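Have a look at the structure below before the remarks.
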Amino acid sequence: MSEHILVSQQDTIQRIQLNRPEKKNAITTVMYSAMADAIEQAGSDASIRAIYITGSEDSFTSGNDLNDFLQNPPQGAESPVFRFLRAISTAEKPIVAAVNGLAIGIGTTLLLHCDLAYAAEDAKFQLPFVNLALVPEAASSYLIPQIMGQRKAAELLLLGDAFSAAKAAEVGIINEATSADNLENLAWSKAQALAQKAPEALRLSKMLLKKGNAEVIAQTMAEEGKLFGERLQSPEAMEVMQAFMERREPDFSKFS
């Protein structure tokens, strides 16, 4: 496993912790591979009944490490990011997320594939894909309108502004916001409760809950992934990167 992804097992719960706090837990291809491996391994390990995902220090994750993505753009279905998205979206065992801080981009969209998600009250969420001249990923362009309706989804995905844990709970991205001191206790207790359920009944119930959307989620992920890869090399994305290096706002006035 990557040193930036800590995987352990406590009783019957697999714990996955993003551990790159100096980079706000920005996710590299190596980290995606490690998380995909962990979730796949949990699926075949009868001693694991639930999966728990959290971050470290002040961040859940600040999203993709864009420099890493530019150097290692996704190439096909077996690319690390697509392996991770496939693993988390099709996992048979329940997944609980504890959002301890910053949750940007995939830090928010991966929650759409968790069965339960809780966040610290001071956590910050954002879906800044358009701001970066990119497109949504993780089937968020389908799932977010499904969860909260077209208008609210457009507000979050097209404007790309940051929003609070309270709003994330209001629109259905997380189950509940709680104090930072209580987050671990709350989220872990939910993972423990799931781990104590009848395992086959739990897996079948999760399958039934997700069955109606499974095919369209896979199709949407594939379409988003293709466009995301193309956008990484686009002139608009290059303008974002240049603006970042020059410490200025990107200028899209020359694009049509």
Side-chain angles (χ1 to χ4, degrees), residues 2-5 16-36 53 55-89 99-113 123-141 144 156-163 220-255:
S2 164
E3 64 182 307
H4 296 139
I5 299 295
I16 301 173
Q17 182 175 20
L18 289 91
N19 185 47
R20 198 189 179 202
E22 71 280 4
K23 295 292 186 181
K24 302 294 184 183
N25 292 332
I27 307 176
T28 63
T29 53
V30 172
M31 293 167 70
Y32 276 123
S33 288
M35 289 192 291
I53 302 176
S56 54
E57 296 188 12
D58 64 352
S59 299
F60 183 60
T61 171
S62 57
N64 291 317
D65 184 313
L66 289 180
N67 284 331
D68 182 78
F69 249 55
L70 287 171
Q71 293 171 17
N72 304 288
Q75 299 287 340
E78 293 309 309
S79 296
V81 62
F82 296 141
R83 278 190 59 226
F84 167 71
L85 290 175
R86 187 164 62 247
I88 197 170
S89 65
V99 182
N100 56 297
L102 204 62
I104 308 298
I106 200 162
T108 294
T109 60
L110 75 80
L111 302 175
L112 303 172
H113 303 287
K124 296 295 182 185
F125 298 78
Q126 191 173 11
L127 298 162
F129 304 108
V130 172
N131 300 352
L132 298 170
L134 302 173
V135 296
E137 32 83 312
S140 58
S141 61
I144 289 180
L156 297 186
L157 284 168
L158 301 186
L159 289 175
D161 295 333
F163 56 100
T220 304
M221 278 187 184
E223 184 174 3
E224 288 173 342
K226 179 177 180 295
L227 291 172
F228 196 101
E230 292 172 358
R231 296 300 304 164
L232 283 171
Q233 307 299 326
S234 71
E236 290 178 348
M238 293 301 104
E239 166 62 17
V240 171
M241 294 298 171
Q242 188 68 30
F244 177 78
M245 290 187 290
E246 296 174 359
R247 299 189 178 186
R248 61 173 174 81
E249 289 296 312
D251 178 9
F252 298 123
S253 62
K254 58 189 174 184
F255 299 104

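Small disclaimer: the values here were computed from a predicted structure and weren't measured.
- Panel note: side chain Glu239, backbone Pro250; no donor-acceptor pair is recorded below 3.5 Å.
- Using a cutoff of 4.0 Å between basic side-chain nitrogens and carboxylate oxygens, Glu137 and Arg231 are not scored as salt-bridged.
- Side-chain contact between Lys24 and Asp58 is present, with at least one heavy-atom pair separated by less than 4.5 Å.
- No donor-acceptor pair under 3.5 Å is formed between the side chain of His4 and the backbone N or O of Val30.
- Annotation: side chain of Thr28 is not in contact with side chain of Phe69 (no heavy-atom distance under 4.5 Å).
- Arg20 places no side-chain N or O within donor-acceptor distance of the main-chain N or O of Ile27, the cut-off being under 3.5 Å.
- The closest donor-acceptor contact from the side chain of Asp65 to the backbone of Asn67 lies under 3.5 Å.
- With a 4.5 Å cut-off on side-chain heavy atoms, Leu66 and Leu134 count as touching.
- Looking only at side-chain heavy atoms (C-beta outward), Asn131 and Val240 stay at 4.5 Å or farther from each other.
- Under 3.5 Å, the side chains of Gln126 and Thr108 contain no donor-acceptor pair of N or O atoms.
- Residues Glu224 and Ser140 form a side-chain contact, since some pair of their non-hydrogen atoms from C-beta on lies under 4.5 Å apart.
- Judged purely by atom type and a 3.5 angstrom limit, Ser59 has no side-chain atom pairing as donor or acceptor with the backbone of Thr61.
- For the side-chain contact (heavy atoms from CB on, under 4.5 Å) with Tyr32, the lone residue among Leu85, Ile106, Ile5 that qualifies is Ile106.
- The backbone N or O of Ala237 sits less than 3.5 Å from a side-chain atom of Ser234, completing a donor-acceptor pair.
- With no hydrogens or angles considered, a side-chain donor-acceptor pair links Asn25 and Ser56 at under 3.5 Å.
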